[in-house]
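To find a chain, count down the sequence lines: A is the first, B the second, and so on, and within it residues start at 1.
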There are 2 protein chains.
Amino acid sequence: MHDHHAPQQAGVSYTGGGQLMPLSTLDRSQVDPVIRRLNVLRPLSMEARTSLEYAMLEGIQRAGAGEDLISEGDPVDSVRLVLSGWLCRYKTLEDGRRQIVNFLFPGESCDAHAFLLSVMDHSIAAMTPVVYTEIKRARFEGLVAADRALAEAFWCETLVNNAIQREWAINLGRRVAFERVAHLFCEIIERLRPVGMVEGNSCVMPVTQMDLADATGLSVVHLNRTVQELRASGLIVLRDRTLTITDLDALKDAALFSPSYLQLYRRA
Amino acid sequence: MHDHHAPQQAGVSYTGGGQLMPLSTLDRSQVDPVIRRLNVLRPLSMEARTSLEYAMLEGIQRAGAGEDLISEGDPVDSVRLVLSGWLCRYKTLEDGRRQIVNFLFPGESCDAHAFLLSVMDHSIAAMTPVVYTEIKRARFEGLVAADRALAEAFWCETLVNNAIQREWAINLGRRVAFERVAHLFCEIIERLRPVGMVEGNSCVMPVTQMDLADATGLSVVHLNRTVQELRASGLIVLRDRTLTITDLDALKDAALFSPSYLQLYRRA
DNA sequence: AAACCGCCTTCACGTAAGTTACGTCAATTA
DNA sequence: TAATTGACGTAACTTACGTGAAGGCGGTTT
């Protein structure tokens with residue numbers, strides 16, 4: 001279903017569009033989402049930022065849509081940080097049933113210390129073309145050993161990820177289809193907002209309805225029905241791969257959405 | 001629904017049954033599940049064990065069935081470790097719908113570094129009478145700062161917890177009721193086994209069907225139906241608050257259970 | 001231009017799961 | 001002994017959701 005090719009080395013001197021840029025300008029902006037996110041979780045010193053930036057710039061890679069970055073059962077020996085694109089964590093059952101258990105957006109990391117466990121219990125796939133960076137275990141451990149705030153920021157990352165995972169559990173277990181999809185859209189918008197990927201209450205929606213179905217535990221058909229319902233209710237417009245939430249407060253009410261689990265406004 | 005009284009201070013010189021015991025004998029055995037579990041995740045030095053044991057013995061507390069140890073929205077300033085009894089993490093929606101998102105068994109910890117976040121995103125309740133210990137933030141940070149293996153053990157704890165959470169997501173999203181309940185029973189048995197709470201393939205099942213329903217995202221009635229089905233299939237016997245799995249391999253097959261996510265056999 | 005493909009949409013139908021209501025049983029308490 | 005209670009069990013009915021097949025539609029290939 002999902003190819004598992006080794007993602008190609010990307011070379012840091014190219015933008016997503018393929019244009020040549022001066023290194024000093026380009027690199028900073030490329031890894032900026034990660035720095036920004038960590039800095040919200042824990043204020044970082046200039047030195048911490050710089051050392052992390054260097055490490056990130058040396059490991060930049062790309063992957064195409066549908067490609068696995070890492071698969072269930074693979075050993076882990078590095079930390080991956082998302083620079084652009086949408087990814088998901090997913091698990092499958094032997095008979096092919098698939099559940100997306102989380103999305104990964106720019107600035108976020110695959111579990112920072114996952115290498116402490118022997119192998120991956122789930123897979124991570126690119127849902128769109130993505131740019132990410134890979135920091136080897138030893139390098140990463142050096143970074144966090146050298147700076148307490150940086151270590152805590154990655155800790156927080158994992159904890160927030162954990163909280164999101166719990167919210168997904170109640171979403172799948174106790175919300176009905178309409179609430180479930182509404183909740184997912186609320187979460188997407190609120191997670192993309194701090195990365196600057198939301199204008200007004202609009203964002204791109206680059207994934208297929210099949211992916212949305214796998215994320216909400218529904219069949220494609222029923223997901224589609226539910227999207228129709230959401231459109232008919234006037235809460236959203238979903239067209240041309242763009243999601244616009246026309247009445248965010250109403251959508252949040254309908255979804256029983258309460259954003260505290262996202263810890264977006266966390267300060268030290 | 002769930003009371004939220006401050007759990008009473010327990011006094012370390014009493015056993016669960018209330019008998020007086022010599023301190024030196026009693027204490028070790030009481031906190032043993034935690035040491036054993038951490039030691040499986042990362043081999044601990046004698047010093048690390050001892051310092052942790054001291055810290056644990058000073059903070060021992062009890063809670064009654066149904067009581068919240070900590071509730072959604074509460075600030076966190078300590079780490080809690082389970083010594084005996086069954087607990088659960090749960091979240092509720094405004095209208096009362098409740099989802100248990102995980103169980104907590106003896107030896108396990110509430111997220112070790114949860115105090116890095118501002119407030120709890122979920123509640124933790126005792127499903128049976130429990131004994132646990134509470135270590136204040138500063139004390140805990142001292143412990144993990146002093147011993148790298150200990151810090152890594154707690155890291156692993158969180159990561160394993162995370163993996164379990166993901167497995168629950170696919171359980172709720174993609175397994176049908178029969179598989180779902182079967183999977184929960186498999187998980188319970190395999191998580192209780194290393195703590196010595198399983199004899200053969202039997203363990204106590206001290207929680208109500210309502211709790212099991214909230215854990216599997218089903219209604220009580222449908223959970224009950226499903227339990228009947230499991231009994232009728234000859235895979236389990238559930239009677240007198242005791243669960244016996246008569247054919248564990250068959251139950252695992254039916255549940256599409258693969259234990260790797262539990263990381264039970266993790267070695268450094 | 002034709003053929004194709006991935007994705008979305010809609011139909012008709014079947015099944016799984018929720019709801020309500022009531023019955024049973026064992027353990028308390030009066 | 002009877003009343004009470006809480007957990008478990010059963011049934012009839014309703015609803016939400018899944019399945020499989022078919023058509024539409026824009027974009028890409030040949």
Regarding [X], tell me which of base, sugar-phosphate or nothing describes its non-hydrogen contacts under 4.0 Å with the strands shown.
| X | answer |
| --- | --- |
| Val176(B) | sugar-phosphate |
| Val221(B) | base |
| Thr208(A) | sugar-phosphate |
| Arg174(B) | nothing |
| Arg180(A) | nothing |
| Arg97(A) | nothing |

Sidechain N-carboxylate O distance under 4.0 Å for Arg62(B), Glu67(B):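 Looking at Arg62(B) and Glu67(B), the cut-off is not met.
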
Electrostatic pair Glu108(B):Arg80(B) at N-O distance under 4.0 angstrom: no

Provide, to the nearest angstrom, the distance between the [atom1] atom belonging to [X] and the [atom2] atom belonging to [N].
| X | N | atom1 | atom2 | result |
| --- | --- | --- | --- | --- |
| His222(B) | dA16(C) | NE2 | C1' | 6 Å |
| Leu212(A) | dC8(C) | CG | C1' | 12 Å |
| Met210(A) | dT9(C) | CE | C1' | 15 Å |
| Asp240(B) | dC25(C) | CG | P | 15 Å |
| Leu223(B) | dG9(D) | CG | P | 10 Å |
| Arg239(B) | dT24(C) | CZ | P | 22 Å |
| Phe178(A) | dT15(D) | CZ | P | 19 Å |
| Arg241(A) | dG26(D) | CZ | C1' | 11 Å |

First of Gly217(B) and Gln228(A) reached from the 5' end of DNA chain C, by closest nucleotide: Gln228(A)

More 5' along DNA chain C: Thr226(B) or Arg231(A), using each one's nearest nucleotide?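 Its nearest nucleotide being more 5', the pick is Arg231(A).
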
In the structure I gave you, are the side-chain heavy atoms of [X] and [Y] within less than 4.5 Å of one another anywhere?
| X | Y | value |
| --- | --- | --- |
| Thr133(B) | Val31(B) | no |
| Ile189(B) | Phe185(B) | no |
| Leu262(A) | Phe257(A) | yes |

Salt bridge (Lys or Arg N to Asp or Glu O under 4.0 Å) partner of Lys252(A), the single match among Glu179(A), Glu190(A), Glu187(A):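 Going through the options one by one, the only one that passes is Glu190(A).
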
Taking the axis from the first five pairs and the axis from the last five, what angle separates them in the helix from dA1(C)-dT30(D) to dA30(C)-dT1(D), rounded to 10 degrees? 30°

For [N], does OP1 or OP2 lie under 4.0 Å from any side-chain N or O of [X]?
| X | N | answer |
| --- | --- | --- |
| Asn224(B) | dG9(D) | yes |
| Arg225(A) | dA16(D) | no |
| Arg175(B) | dA17(C) | no |
| Gln209(B) | dG9(D) | yes |

On the ring face of Tyr90(A), is Arg98(A) found with NZ or CZ under 6.0 Å from the centre and within 45° of the axis?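 Arg98(A) over Tyr90(A) ring: yes.
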
Check: Trp168(B) ring centre within less than 6.0 Å of Tyr261(B) ring centre: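 No.
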
